[in-house]
Amino acid sequence: MRKGYRNDLSWADVTPKPLWLNRRQLIAGAGALAIASPAVAKIATVPSAFSTDETPNSIEEISGYNSFYEFGLDKGDPAANAGALTVDPWAVQIDGLVDKPGNYDLGDILSGVTLEERIYRLRCVEAWSMVIPWVGFELATLLDRVGVQPSAKFVAFETLVRPEEMPGQRGRSLDWPYREGLRLDEAMNPLTILATGLYGEEMPKQNGAPIRLVVPWKYGFKSIKSIVKISLVEAMPQTTWNMQNAREYGFYSNVNPEVDHPRWSQASERRIGGGFFAPRIETQMFNGYGEQVAQMYAGQDLAVDF
Ligand SMILES: Nc1nc2c(c(=O)[nH]1)N[C@H]1C(S)=C(S)[C@@H](COP(=O)(O)O)O[C@H]1N2
Ligand SMILES: [Mo]
């Protein structure tokens, strides 16, 4: 087994037992809600070989300190404002260079996928980080189901636009919708997941309910929330932070301690919850996922393709 990874660990192993039992009961109890809420219907928390054995952040930290500009700029705004978001019904339009384009109901997308737990590090470009026990499935599973055509080279994603429920969208803090993109090989990498929950439960709205991307070797802003559109395209798509400031935020945005942000160092990071006096931790190349992803960038100069 590779160093740093265990395939027998789920968050139950790193959570005090009474809390685990409590959550187990919550999951069992959630069975009755399965029809109304497909996103949690099949959370089996199958542990993954890709999970880190680092201690996850608490649910309070993960759902209380967020970046979700649609709900405001401050880290507490999403928790305060996202409750108003309607996440059921929810559909995701899948279009472009695919064999089976359509406006798919979330329930249809989730039928037939096995949700699993992935405990991943999340490294924000602002140099803070967390460890989050996501529940989700590989994006490749969905892309294979809709049939990616040979001419497709990139995948473009868009977040919901609904200013009535998203107060941040009533202003122009960003050019809405929030947009992100991946190269096709990045999208098909087994580390790339669509997440529908965390800590074995339904996704908190502030974390991107009902379905969001998680790309753990890239800066957090690539992991777009509350997705309503996935397009397979030939040309590199426009992405929100690159459109906002191309000099500071590249398309690739792989976590890289050797390429500083123009306004701050990326060599180290602050782990949320560590306390004021906790030492900063060294940021790892590709956020520690190089073994799974480095080969995709062979021959690329990552200081140029930053
Ligand atoms: N639609 C949308 N997705 C988004 C963002 C956003 O503002 N809007 N913020 C990004 C940033 S900067 C980070 S660090 C992560 C944070 O995810 P979390 O709040 O679940 O930790 O979400 C990303 N996805
Ligand atoms: Mo971020």
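Counting starts at 1 for both ligands and their atoms, following the listed order. Quick note: residue numbers are just sequence positions, from 1. In this text the structure is predicted, and so the values were computed from the model without any measurement.
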Pick one of side chain, backbone, both or neither for how [X] approaches ligand 1, counting any non-hydrogen atom pair under 4.0 Å.
{"X": "K222", "result": "neither"}
{"X": "S223", "result": "backbone"}
{"X": "N66", "result": "both"}
{"X": "M130", "result": "neither"}

Protein heavy atom at shortest distance from [atom]:
{"atom": "atom 15 (C) of ligand 1", "result": "G220 O, 3.6 Å"}
{"atom": "atom 7 (O) of ligand 1", "result": "Y69 N, 2.7 Å"}
{"atom": "atom 21 (O) of ligand 1", "result": "L122 CD2, 3.5 Å"}
{"atom": "atom 12 (S) of ligand 1", "result": "S67 OG, 3.2 Å"}
{"atom": "atom 6 (C) of ligand 1", "result": "Y178 CE1, 3.3 Å"}

Measuring from E117:CD to Y199:OH, what's the distance to the nearest 0.5 Å?
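The distance works out to 9.0 Å.
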Exercise. Could you state the interatomic distance from CG (L194) to OG1 (T141), rounded to the nearest 0.5 Å?
Worked result: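 Those atoms lie 9.0 Å apart.
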Partners passing side chain to side chain contact (heavy atoms under 4.5 Å, CB included) against R172 (at least two apart in sequence or in another chain):
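Applying side chain to side chain contact (heavy atoms under 4.5 Å, CB included) to R172 gives D175.
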Subset of ligand 1 atoms that lie under 4.0 Å from at least one heavy atom of T159
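Heavy-atom distances to T159 below 4.0 Å select 1 (N).
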For this session: Below 4.0 angstrom from a heavy atom of C124, which ligand 1 atoms are there? Numbered from 1 as shown, please.
Result: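 Heavy-atom distances to C124 below 4.0 Å select 14 (S).
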Mind checking whether Y65 and W128 have parallel, tilted or perpendicular rings, split at 30° and 60°?
->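 Y65 and W128: perpendicular rings.
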Exercise for the section: Answer yes if the side chains of S129 and R271 hold a donor-acceptor pair under 3.5 Å, and no otherwise. Expected result: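 Judged by distance alone, the side chains do pair up.
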**Asked** With no hydrogens and no angle check, do the side chains of R123 and Q266 hold a donor and an acceptor under 3.5 Å apart?
**Response**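 Indeed, the side chains of R123 and Q266 share at least one donor-acceptor pair under 3.5 Å.
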Query raised in the report: Taking distance alone, with no angle check, do E70 and ligand 1 share an N/O pair under 3.5 Å?
Result: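 N/O-N/O distance under 3.5 Å: yes.
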| field | Distance-only N or O hit between ligand 1 and W128, under 3.5 Å | value |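 No; every N/O pair is 3.5 Å or more apart.
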- prompt: Looking only at non-hydrogen atoms, which of R179, Q206, K225 approaches atom 16 (C) of ligand 1 most closely?
  reply: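 Answer by nearest heavy atom: K225.
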| Per the side chain to side chain contact (heavy atoms under 4.5 Å, CB included) rule, which among I193, I132, T52, V135 passes with R118? |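 Of all the options given, the one that passes is I193.
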| query | Can R121 be said to sit on top of Y289's aromatic six-ring, NZ or CZ under 6.0 Å from centre and within 45° of the ring axis? | reply |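 Yes; both conditions hold, so R121 lies above the ring face of Y289.
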**Message:** If we only consider heavy atoms of S226, is any one of them less than 4.0 Å away from an atom in ligand 1?
**Reply:**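 Outside the 4.0 Å threshold, so no.
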**Study point:** Close approach, E180 and ligand 1, non-hydrogen under 4.0 angstrom
**Key:**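 E180 does not count as a contact of ligand 1 under the 4.0 Å cut-off.
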Suppose we screen for salt bridge (charged side-chain N to carboxylate O under 4.0 Å, His left out). Which residues come up paired with K225, at least two apart in sequence or across chains?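 Partners of K225 by the salt bridge (charged side-chain N to carboxylate O under 4.0 Å, His left out) criterion come out as none, since no residue qualifies.
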Problem - Residue pair F71 / A82: nearest heavy atoms and the distance that separates them - result: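 Closest pair (atom of F71, atom of A82, distance): CE2-CA, 3.5 Å.
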